[in-house]
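First the structure, in the form of structure tokens, and then the observations on it.
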Amino acid sequence: MAGTPTHPVSRTRSWWGWGWADAHPDDAECAAMGALLPGTLARPLPVPRVRDLRIAGPAVQPPPSLAHLVTADPDDRAAHAMGKAYRDVVRALRGRPGRIPDLVARPADDREVADLLDWAGDRQVAVVPYGGGSSVTGGVEYRGDAHRAVLSLDLTAMGRVLEVDTVGRAARVQAGTLGPSLEDQLRAHGLTLRHFPQSFEFSTLGGWLATRAGGHYATGRTHIDDFVQSLRVVTPAGTSASWRLPASGAGPSPDRLFLGSEGALGVITEAWVRLQRRPGHKASAALAFTDFHDALRAVRAIAQSDLAPANCRLLDAGEAALSGAARDGSAVLVLGFESADAPVTDRLEQAVDLARAHGGRRGGAGTGTADEAGAPTDAAVGAWRSAFLRMPYLRDGLARMGAVAETFETAATWDRIPALIEAVRTEVGAAALKATGQPATVNCRLTHVYPDGAAPYFTVLAAGRPGDEVAVWDDLKAVASEVLHRHRATITHHHAVGRDHRPDYDRQRPDPFALALRAAKGALDPRGILNPGVLVD
């Protein structure tokens, strides 16, 4: 055994919203946030309770040989019914969570996964693989009525680091390992996976692999794909185990078939992943820009240099104000460097010089977020980081006030970025005004940057229509998706396809590839039980 998984013992996950139940804003904080958005409710919606839901008994029962793996507990079933998108939160608040799984299973090894799939196939039971449940695209819920029953296949009982190769800096890790537990088990070896999505605390390695998740870092290995040496996947047609290799040119990669497959082709149970030594040298800075387009040019210059910042996050004026990084109308660029080998101050200063050459202003040291000239101090980095981690909880608080508060992300080449951002701001803002009668806030930040393009991430804040908030958001998201398609920007950079993005994914992917994907689905999952409706019919 290379590591022992760690589990929180004193806190409870929220069944209806993001994260920990005790970290959500209270009623007074919700009301204070709602007061800043005209058209919201006078008082927050009550926190939903599982006992108020109508949860029927399960439509199937497992055989005695599998009964010890399976539960029909109503609280457990409700907690596995949806992900954590805005529309999921609102549906829970309104008592409309959709199809609740009949059963929740927690297998502990490949054999138990295979046995559950065999039973489910025989009984026409849909199987929805489930890691941390942090999906924001409808990836862990069942929609429709084509199956007799629904089984949520929770993999978190498979949460161990099984082997660590310190010579080759790699580890064999079970797919149900949550982010904090993974890092805790690697820490004794002085190693890290260095993959930190915003959902890190509440998501698993298998979930990252199945959704091709993006991490926190802005350059270099931005996606989990880059860390994979090999995968082990249990499918109804058998187990796929690729060789562990540093690289291979032997035909199409078997791992690439399952990366991003969202449980529709098989259940990822293990992976060998590349590790790094833990960084001991870090440096960060924040710069302000009066003109957002100047800031875009600065970011492009840094991305096209060989400096490779760990963080190169550009916040437009609205996003900077929302996070507390700046409140004078400036855009803010947050830069960060780290290394296990050598000091990074020189690289940071070179990046700062590039930003200054495009109009960036760096503030002085201090405890506030801006100096007397209005430029952000380095404390703005901390303000942004705190807001970044707190934002999902605040979103849920705004949802309790009947507001629309959600995000979406994309990626495009540099030549399309300025027009894309402007079109999203203009068209989504106009759609929100039409839908609600109130002006909306549409902010943008760049989360990941590449030499050839960037990943804009948009935040939408607007009044909702009481009782109809999901429909309002669906309308706004449809407008946003049309803008992305028109500008040939991807429907998702790192949030996966799920069910919410499926129509736009169908438009984005080439027809011959869709044909091949359908064939793979038919071969690996001939009875169509794995996460139906995701990626392919």
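The structure presented is a predicted model; accordingly, all values stated were derived computationally and were not measured. Keep in mind that the numbers below use all heavy atoms, side chains included, and drop hydrogens, waters and symmetry copies.
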Requested in this report: Using the six-membered ring wherever Trp is involved, compare the ring planes of Phe200 and Phe196 and label them parallel, tilted or perpendicular (cut-offs 30° and 60°).
Outcome: perpendicular
Query raised in the report: For Phe408, what residues pass the ring pair (Phe, Tyr, Trp, His ring centres under 6.0 Å) criterion, not counting sequence neighbours?
Result: Phe458
Report task. With sequence neighbours left out, write down each residue that passes ring pair (Phe, Tyr, Trp, His ring centres under 6.0 Å) with His24, or none if nothing qualifies. Result -> Trp16, Tyr393
**Report entry** By side chain to side chain donor-acceptor pair (under 3.5 Å) - contacts of His195 (at least two apart)
**Finding:** none
Query raised in the report: Hey, do the aromatic rings of Phe202 and Trp18 have their centres closer than 6.0 Å?
Result: yes
Query raised in the report: Taking the six-membered ring for Trp, is the centroid-to-centroid distance between His501 and His495 below 6.0 Å?
Result: no
**Report entry** Enclosure of Glu349 CD (heavy-atom neighbours >12, cutoff 6.0 Å)
**Finding:** yes
Under 4.0 Å between a side-chain nitrogen and a carboxylate oxygen: does that hold for [X] and [Y]?
X	Y	value
Arg278	Glu338	no
Asp396	Arg400	no
Arg51	Asp75	no
Arg527	Asp122	yes
Arg143	Asp500	yes

Report summary line: Applied to residues 255-282, the ring-ring contact (aromatic ring centres under 6.0 Å, His included) test, sequence neighbours excluded, yields none
Would you check if there is a donor-acceptor pair between the side chains of [Y] and [X] at a distance under 3.5 Å?
X	Y	value
Thr192	Glu183	yes
Thr269	Gln174	no
Gln185	Ser181	yes
Gln350	Ser305	no

Query raised in the report: Of all residues at least two apart in sequence or in a different chain, which pass the salt bridge (charged side-chain N to carboxylate O under 4.0 Å, His left out) check with Arg106?
Result: Asp76, Asp154
Query raised in the report: Going from OH on Tyr130 to CG on Leu151, what distance comes out if it is rounded to the nearest 0.5 angstrom?
Result: 13.0 Å
Report summary line: dist Leu231:CG -> Ser253:OG (nearest 0.5 Å) comes out at 8.0 Å
Query raised in the report: Which residue pairs pass the side-chain hydrogen bond (donor to acceptor under 3.5 Å, both in side chains) test when at least one of the two sits in residues 81-91, sequence neighbours left out?
Result: Arg87-Asp474, Asp88-Arg91, Arg91-Glu141
Query raised in the report: Is the backbone of His493 close enough, under 3.5 Å, to the side chain of His223 for a donor and an acceptor to pair up by distance?
Result: yes
Query raised in the report: Backbone N or O of Asp102 within a donor-acceptor pair of the Arg77 side chain at under 3.5 Å?
Result: yes
Query raised in the report: Honestly, is Arg347 close enough over Phe337, meaning NZ or CZ under 6.0 Å from the six-membered ring centre and within 45° of the axis?
Result: no
